[in-house]
Structures are given as structure tokens and as C-alpha cells.
Amino acid sequence: MNQQQKQIPDGYWENALGALVPEHLIREIDKQRDQLVKELVAKAQDINQKLSEFKQTAFADIQAFVQLSAEAYDVSIGGKKGNVTLYSYDGRYKIQRSVADTMSFDERIQAAKALILECGQDWTSESKPEAKVVIDHAFAVDKNGNLSVSRILDLRRLDIKDPRWVKAMTAIGESLQVVGSKAYVRVYERIGTSDQYKPIPLDLAAVSL
């Protein structure tokens, strides 16, 4: 819901604390800074809108082309998932569509952790020291208190026959859920006549001055 814009009386400016300040008390340098910031913000908002429109158009056009190409084989392709790379005829440019899923564990990861810790407590330090190190590393949380999906999934590579461990690996697999996805469109230009491509940046941090 959009908040109703506050009405500022003529001759006054609102400061960062929400207080009204008579315009004649505001220094000229502060007015010039305010003007610069708002001009750049307006341009940034315009660019942001154009990038959003480009992303929507690119995904729609790529999906339409994928479907058009598939129709030559009497195949219908649904959905927008699946990574696709399209090249220009001369090979100078390529566009990649990619969709990356965000994975997380549900409450069953706690059961898996309990089983794994139970195994770790029973194993002596002489029998499986490497496994205990891996367990401690796998269930370490980041600064936001989140578990690492990749580190926990790495536990399934250990060849351990303990029934509790096997049951824990099953619980890990069943607790893994797709909780979201991020879609990307990346544009590249070939470097000379090589087989290497450089990205055409679509974010401010990557654009050279």
C-alpha cells in the first residue's frame, strides 16, 4: 500500500527527521546536494524500470523462440525453467537464460541432525575422526543462523553403513525443499575471433567508467 505523500507548506522543506524547516534557513550547498541526489535517483529509477521491462521482454521472447524451435519436432515445451543459450548467426553474441533454484531444509533436518550427532557420540575419535570433523563443519551456521545446503549434502558422499546414518541421509533428502528461484538473463560478446566471451554488464557495479 502506498503511503499518501505528505503535504509540505510553501516555503518549507522537510528534513530527515520529518521536521519542517524554513527554506531561507537551509544552506545553498544543502539545496544543491538535494537537487543532485534527486536528479540521480530519478535517472536510476528510470533505468531500473527499463531493466525490468528488458528482463520481462527477454524471457518472453526467449521462451517463444524455444517453443517455435521445438514445434519443428512436434513438441510442446511448457514452463520457463531450463537453461538456454542462444547465439547470433555470426557467433559474435550469445544470450543465456538461466533459472537457479533456492533450496532449504524443512523441520526434518532436525531429525537427521539428531541421528548424525548420535552416531558421532558413539564413534571414538580413533575410529572416524575425519567423519566427525565433516559433521561439525556441515552443521555450522552462517552469521544469519542458516545451514549450508551444499555442506550438508556433502555428508551423503560418506560411505557409512551405520543404520542411523543411513536413516539420517534419507531424512536429509526428504527434508530438502525448493523455496524459490531466481531467473537471470546474461548477454555476452565474443572477444575478437576467440572462443571466449565477455559479459555485457547490466548492473552498475560491473559497468566501467
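Count residues from 1 along the sequence.
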Taking only Lys NZ, Arg NE, NH1 and NH2, and the carboxylate oxygens of Asp or Glu, determine whether D106 and R108 approach each other closer than 4.0 Å.
-> yes
For the pair K43 and D46, evaluate salt bridge (Lys or Arg N to Asp or Glu O under 4.0 Å) and give the outcome as yes or no after the intermediate values.
-> CA-CA 5 Å; K43 292 177 180 178; D46 183 59; over 6 Å; no
Excluding sequence neighbours, so at least two apart, what forms salt bridge (charged side-chain N to carboxylate O under 4.0 Å, His left out) with E14?
-> K6
Does some side-chain heavy atom of D154 sit less than 4.5 Å from a side-chain heavy atom of R157?
-> yes
Is there side-chain contact between I62 and L86, with at least one heavy-atom pair below 4.5 Å?
-> yes
Just by modelled atom types, is the V66 backbone N or O under 3.5 Å from a matching donor or acceptor in the S69 side chain?
-> no
Can you find a pair of side-chain heavy atoms, one from R186 and one from P199, that are under 4.5 Å apart?
-> no
Taking C-beta and beyond as the side chain, do I116 and F139 meet within less than 4.5 Å on heavy atoms?
-> yes
Would you say Q63 and R97 make side-chain contact, with heavy atoms under 4.5 Å?
-> yes
Is there a side-chain contact between L155 and M169 (heavy atoms, below 4.5 Å)?
-> yes
May I have the step-by-step check of side-chain hydrogen bond (donor to acceptor under 3.5 Å, both in side chains) for Q45 and Q49, ending in yes or no?
-> CA-CA 6 Å; Q45 290 173 331; Q49 179 62 30; over 6 Å; no
Apply the test salt bridge (Lys or Arg N to Asp or Glu O under 4.0 Å) to residues D34 and K31: give CA-CA distance (whole Å), side-chain angles for both, the deciding distance (0.1 Å), then the verdict.
-> CA-CA 5 Å; D34 178 82; K31 293 180 181 179; over 6 Å; no
Verdict with reasoning, Q56 to S52, per side-chain hydrogen bond (donor to acceptor under 3.5 Å, both in side chains) = CA-CA 6 Å; Q56 294 177 33; S52 177; 3.3 Å; yes
For the side chain of Q177 and the backbone of E174, is there at least one donor-acceptor N/O pair under 3.5 Å apart?
-> yes
Could K198 and Y188 be counted as a cation-pi pair, given that NZ or CZ must be under 6.0 Å from the ring centre and within 45° of the axis?
-> no
Connected to L36, directly or through other members, by ILVMFWY side-chain contacts below 4.5 Å are L40
Would the number of heavy atoms belonging to other residues, nucleotides or ligands and lying under 6.0 Å from OH of Y197 be above 12?
-> yes
Heavy-atom distance under 4.5 Å between the side chains of R190 and Q196, does that happen here?
-> no
Can you tell me if CG on N144 sees more than 12 non-hydrogen neighbours from other groups inside 6.0 Å?
-> yes
Heavy-atom distance under 4.5 Å between the side chains of V149 and F105, does that happen here?
-> yes
Less than 4.0 Å between a side-chain N and a carboxylate O, is that true for D159 and K161?
-> yes
Donor-acceptor pair, R151 side chain versus H137 backbone, under 3.5 Å?
-> yes
Test item: T170 side-chain N/O and V166 main-chain N/O as donor-acceptor pair under 3.5 Å | yes
